[in-house]
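The basis for the numbers below is simple: all heavy atoms, side chains too, and nothing from hydrogens, waters or symmetry mates. As the structure is a prediction and not an experimental result, all values here were calculated from the model.
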Amino acid sequence: MTVLGLMSGTSLDGLDLALCSFEPTESGYSYQILASTTVAFTPDWKDRLNNVKNATALEYFGLNSLFGKYIANEVNAFVNENSPKPNAIASHGHTVFHQPASGFSTQLGCGATIAAHTGITTVCDFRSLDVANGGQGAPLVPIGDKLLFGAYDACLNIGGIANLSFDDKNGNRLAYDICEANMLLNFLAETTGKAYDKNGDLARVGNLNAALLTNLNQQDYYTQSGAKSIGREWFEKNILPLVASQSIGVNDLLATATEHVAQIIAVELTTKNIKNVLVTGGGTFNTFLIEKIKSKTNCELIIPENRIVDFKEALIFAFLGYLRLQQKTNALKSVTGAAQNSCGGAVYLA
């Protein structure tokens, strides 16, 4: 089966599209990324996605439909240039509200609209069933880590949020969000007019602020055990006020924030006794951040080819869509804390 995976991450860098093929094997599943691209969000779309949290209910649902049409248009352009035509689309959507404790996690980008405007069966809303079962609805990528990238001790994704997945001694997959990552670093870089801190160059020439570093490191979330996840709401409530209250220069803020992210990640790799980890996500290209993490742990960081770095999440959401259409488990209770494993995702048949 060929599935077009779509991912819009919390770092607001754009819409990832990955056309993937899957088939079962004796030991699990094989995959290929047949074609891929990232469509950068225009300033207008960035602004809309960043501020939709403040919208009225009417505005929210209007934008949900509009973003669905935007996605459909990008899919149609992609499908016209690449073959084969996918059997299905698996769209993560753009997370706006992630509040599993309150019983919901919402992603913008109407799946019905995508199906109607592309003529391709669309799977979306992957998180709601797990949340309804008492789970965090996140992270969902770990089942793909286990079944597609099981050769590594663990998988680390450094995107807007950094998350880690690995098997415990009994072979159960565990995973959780570690800390905010590019969500914070990009926010600070944008104050200089840059979309992100390329290679960590701004952070590299900055100076650490010890008081800020201590405050960043002392978030209660980092010491919580069990299934846990964070979203933009947590970031805006707990992290943004700490950096916004500082009167130091942006390079110093970036140096301190990079050190903070590196420390929190390295502690997790070390305390979980992980020997090697596959590292993906946009943060992989932040060479200063990677150097910092390496200096703080004996765990081997393995960075794959750029296509895997860039499109692993889109690949795995394509895989989650594949599993949903095969009516197989695609959310693990050992990861999310749900009452049971589930096969999540709303399906709109075209």
Side-chain angles (χ1 to χ4, degrees), residues 5-17 39-76 89-118 120-140 159-161 177 180 182-184 186-187 190 229-241 313-314 317 320-321 324 331 336 344-348 350:
L6 310 176
M7 183 69 198
S8 173
T10 51
S11 54
L12 287 170
D13 49 359
L15 178 69
D16 292 336
L17 301 93
V39 179
F41 289 134
T42 63
D44 179 54
W45 267 114
K46 261 192 173 183
D47 185 64
R48 287 176 173 180
L49 295 174
N50 197 38
N51 293 305
V52 64
K53 61 185 180 292
N54 301 315
T56 65
L58 185 63
E59 291 167 339
Y60 181 95
F61 281 100
L63 191 60
N64 185 50
S65 175
L66 190 63
F67 191 49
K69 291 178 182 176
Y70 166 85
I71 291 172
N73 288 338
E74 296 300 339
V75 166
N76 286 334
I89 295 167
S91 178
H92 172 270
H94 189 84
T95 298
V96 179
F97 301 113
H98 180 67
Q99 298 183 25
S102 299
F104 61 87
S105 180
T106 69
Q107 284 72 43
L108 203 69
C110 177
T113 300
I114 297 171
H117 285 261
T118 62
I120 301 171
T121 292
T122 299
V123 187
C124 63
D125 191 20
F126 284 95
R127 302 186 187 275
S128 290
L129 181 57
D130 184 83
V131 172
N133 279 321
Q136 291 287 304
L140 295 183
I161 296 165
D177 291 338
E180 77 294 347
N182 292 339
M183 191 184 288
L184 171 59
N186 290 359
F187 170 82
E190 285 170 0
S229 62
I230 54 179
R232 180 162 286 274
E233 300 102 310
W234 180 89
F235 168 70
E236 292 178 348
K237 177 183 178 182
N238 296 282
I239 301 299
L240 271 190
E313 282 194 296
F317 270 93
L320 297 182
R324 171 65 183 88
T336 67
V347 180
Y348 293 94

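Counted by atom type alone, Q136 and T336 present zero donor-acceptor pairs between their side chains at under 3.5 Å. A donor atom on one side chain and an acceptor atom on the other are not found under 3.5 Å apart for S8 and H92. Inspection of the Y60 and T106 side chains reveals an N or O donor paired with an N or O acceptor under 3.5 Å.
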As a quick check of understanding, evaluate side-chain contact (heavy atoms from CB on, under 4.5 Å) for L66 and W45, giving each step before the final call. CA-CA 11 Å; L66 190 63; W45 267 114; 4.2 Å; yes
Apply side-chain contact (heavy atoms from CB on, under 4.5 Å) to residues T121 and I89 and explain how you reach the verdict. CA-CA 6 Å; T121 292; I89 295 167; over 6 Å; no
Quick one: do N76 and T118 satisfy side chain to side chain donor-acceptor pair (under 3.5 Å)? Show the steps, please. CA-CA 6 Å; N76 286 334; T118 62; 5.2 Å; no
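Between F67 and F41, the ring-plane angle classifies as tilted under the 30° and 60° cut-offs. By the 30° and 60° cut-offs, the orientation of the rings of F317 relative to F126 is perpendicular.
The shortest heavy-atom contact between G137 and R127 is O-NH1, 2.6 Å. Contact detail for Q107 and N64: the closest heavy-atom pair is O-OD1, 4.0 Å. Looking at every heavy atom in both residues, A115 comes nearest to A350 through O-CB, 4.0 Å. Contact between S91 and I114 at its shortest, heavy atoms only, is OG-CD1, 3.8 Å. Across all non-hydrogen atoms, the minimal contact from D130 to A331 is OD1-CB, 4.0 Å. Nearest approach of G321 to A90, heavy atoms of both residues: CA-CB, 3.9 Å.
For D125 (side chain) and A346 (main-chain N/O), no donor-acceptor pair under 3.5 Å exists by modelled atom type. Not a single donor-acceptor pair under 3.5 Å links the side chain of D16 to the backbone N or O of L6. Judged by distance alone, the side chain of E59 and the main-chain N or O of T56 form a donor-acceptor pair under 3.5 Å.
Between the CG atom in L63 and the CG atom in L58 there is a gap of 11.5 Å [rounded to 0.5 Å]. Here R232 contributes atom CZ and H98 contributes atom NE2; the two are 13.5 Å apart, rounded to the nearest 0.5 Å. Taking CG from N186 and CG from L12, the interatomic distance works out to 9.0 Å, rounded to the nearest 0.5 Å. Taken from CZ in F61 to SG in C110, the straight-line distance is 10.0 Å, to the nearest 0.5 Å. Taking NE2 of H117 as the start and OG1 of T122 as the end, the distance is 11.0 Å to the nearest 0.5 Å. The CG atom of L184 lies 5.0 Å from the CZ atom of F235; values are rounded to the nearest 0.5 Å.
By the 4.0 Å N-to-carboxylate-O rule, E236 lies close enough to K53 to be salt-bridged with it.
Counting non-hydrogen atoms of neighbouring residues, nucleotides and ligands closer than 6.0 angstrom, the NZ atom of K46 exceeds 12 such neighbours. Residue F104 places its CZ atom among more than 12 non-hydrogen atoms of other residues, nucleotides or ligands, all under 6.0 Å distant.
Using a 4.5 Å heavy-atom cutoff, the side chains of C124 and Y348 are in contact. No side-chain heavy atom of M7 sits less than 4.5 Å from a side-chain heavy atom of L15.
Annotation: side-chain hydrogen bond (donor to acceptor under 3.5 Å, both in side chains) contacts of E180 (sequence neighbours excluded): Y222, H260.
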